[in-house]
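Structure record follows, encoded as structure tokens.
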Amino acid sequence: MQLLKLEAMMVSLSASHLKPRCFSCSSSSSTSSSCGVKVWPWRGLDEWRESHLNENRRWGEHGPEPQPVFCDSTPLGKASSLAELGSIVLSTSDPLAKSQLSHMAYSMWRRHNLPLGISLPPSRPARPPNPQLVSPKEIPAPKDSGLPLNAYMLHNLAHVELNAIDLAWDTVVRFSPYSEILGEGFFADFAHVADDESRHFSWCSQRLVELGFKYGDMPAHNILWRECEKSSDNVAARLAVIPLVQEARGLDAGPRLVKKLVGFGDNRTSKIVARIADEEIAHVAVGVYWFVSVCQKMNCAPDSTFKELLKEYNVELKGPFNYSARDEAGIPRDWYDDASSMSNQDKKDKDGHKKQLSEVYERLASIIAMEKENSSLTKPPE
């Protein structure tokens, strides 16, 4: 795994922005379990990249609608590059201000054609006093939270989206010294992700207020940032852990959350959550694209590299999986589902073994039945 660290990349790689329609592993490494397997990018990726700035930061009666962000005073004017803008967002503690500055930072960079630049991220993103961050075991159950079920689920989602803003900007800022290797497209994509996440947090925050609550009204966990810290020295690990695991879990959970909200009778919140889940496909697709790109640069097989990184960084894959959404985002099933990674011969062997066991069980059952019958025939009458 050390070969994947950026220090090694500095020595052996040159900058490039890959735009093939299909990726394939060219590695001859023995660590590759399926060299030659192709990974197809999400078909909407180019359209997402080329889209106009999205000002639909308010959820209106009929869905997203424009709400320009205005700030009387902003620290962003001090920044002259994308990396510096990202550092300012990360250093902002107020959640709504962080969300607004995130959008303003991305807008400034695009409109004024600012350079990528280089900056250092804070050791941890600035956070407000509330919500109190606790271990997952200490998160109250819905009935003990003081919030109705719809607000409880929405608060959890808002927390995820706020963390996602910081995760995306940290990726931009932390790896900014390696822009010549990774290419401008890498940073443009993750700044775009940060902008999307800030819009999602804005929708969640607005809806919480409409329900009579606000972000911070119940404790939250710090799992997402803990996972981010694990990968602070390895761009391949960052891509594997955050977009391909953490954000992919959002694809899995989204439909279930929507169903629960509909069952609760909150159709407005369910529509917000459904829209967020749909837009998260782009973020997972970005992770797939750049993970494969980094693997190509390092001449490593993406599938085996992904699995090795998760093992090295102690990251667990949890189902049930939303296969259709993951397929659309471009994550090959054999990366995360052991059942899918089984070769045809392995499947045949496994099925054959099951058949043999079944036949053995049937024979045993037949022998036992016969012995019982014989025993009853030879048994003297009472």
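Note that the coordinates shown come from a computational prediction; the quantities given were computed from them, not determined experimentally.
Under a 3.5 Å cut-off, the side chain of Trp203 and the backbone N or O of Asn56 do form a donor-acceptor pair. Using modelled atom types, one side-chain atom of Thr305 and one backbone atom of Ala301 make a donor-acceptor pair closer than 3.5 Å. In terms of modelled atom types and a separation under 3.5 Å, the side chain of Ser119 and the main chain of Val173 share no donor-acceptor contact. Proximity of a side-chain donor or acceptor of Tyr152 to a complementary backbone N or O of Pro140 within less than 3.5 Å is detected. Between the side chain of Glu312 and the backbone N or O of Glu308 there is no donor-acceptor pair closer than 3.5 Å. Distance alone, capped at 3.5 Å, places no donor-acceptor pair between the Glu47 side chain and the Gly44 backbone. Under the 3.5 Å distance criterion, the side-chain polar atoms of Lys214 are left unmatched by any main-chain donor or acceptor of Val209. Without hydrogens or angle criteria, Lys297 side chain to Ile181 main chain gives a donor-acceptor distance under 3.5 Å.
Expressed to the nearest 0.5 Å, how far NE2 of His192 lies from CH2 of Trp48 amounts to 4.5 Å. Interatomic distance, Lys230 NZ to Asn314 CG, rounded to the nearest 0.5 Å: 5.0 Å. Of the inter-residue distances, the one linking Asn130 atom CG with Met218 atom CE reads 12.0 Å to the nearest 0.5 angstrom. Distance CG/Leu101 to CG/Leu85: 9.5 Å, rounded to 0.5 Å. Within the model, atoms CD of Glu61 and CZ of Arg268 stand 8.5 Å from one another, a figure rounded to the nearest 0.5 Å. Summarising the geometry, atom CD belonging to Gln206 is positioned 4.5 Å from atom CD belonging to Glu210; distances are rounded to the nearest 0.5 Å.
At a cut-off of 3.5 Å, with distance as the only test, no side-chain donor of Ser202 or Arg57 sits close to an acceptor on the other residue. In summary, the side chains of Ser324 and Asn322 do present a donor paired with an acceptor at a separation below 3.5 Å, with no hydrogens or angles considered.
Contact check on Asp166 versus Arg124 returns no salt bridge, with no Lys/Arg side-chain nitrogen under 4.0 Å from an Asp/Glu carboxylate oxygen. Between Arg199 and Asp196 there is a salt bridge, with a side-chain nitrogen of the basic residue lying less than 4.0 Å from a carboxylate oxygen of the acidic one. For Arg275 and Asp278, the salt-bridge test fails: no basic side-chain N is under 4.0 Å from an acidic carboxylate O.
Using cut-offs of 30° and 60° on the angle between ring planes, the pair Phe175 and Tyr178 is tilted. In this structure, Phe291 and Trp335 have perpendicular ring planes: the angle between them is above 60°, well past the 30° mark.
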Worksheet item: What do the steps show when you test Arg207 against Asp266 for side chain to side chain contact (heavy atoms under 4.5 Å, CB included), and what is the final call?
Response: CA-CA 11 Å; Arg207 182 58 182 152; Asp266 189 349; 3.0 Å; yes
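A cation-pi arrangement is found for Arg326 relative to Tyr336, the charged atom lying closer than 6.0 Å to the ring centre and inside a 45° cone about the ring normal.
Heavy atoms only, all atoms of each residue included: Leu251 and Pro255 are closest at O-CD, 3.3 Å. The two residues Ser123 and Trp225 make their nearest non-hydrogen contact at O-CZ2, 4.0 Å. Listed here is the closest heavy atom pair of Cys228 and Asp170: SG-OD2, 3.8 Å. A pairwise comparison of heavy atoms in Pro243 and Arg238 identifies CD-O, 3.4 Å as the closest pair.
Considering only residues two or more places apart in sequence or on other chains, Ser270 meets the side chain to side chain donor-acceptor pair (under 3.5 Å) condition with none of them.
Within the 4.5 Å cutoff, side-chain heavy atoms of Leu96 are placed close to those of Phe201.
For residues 101-123, every residue pair satisfying the salt bridge (charged side-chain N to carboxylate O under 4.0 Å, His left out) rule, not counting sequence neighbours, is listed here: Glu55-Arg111.
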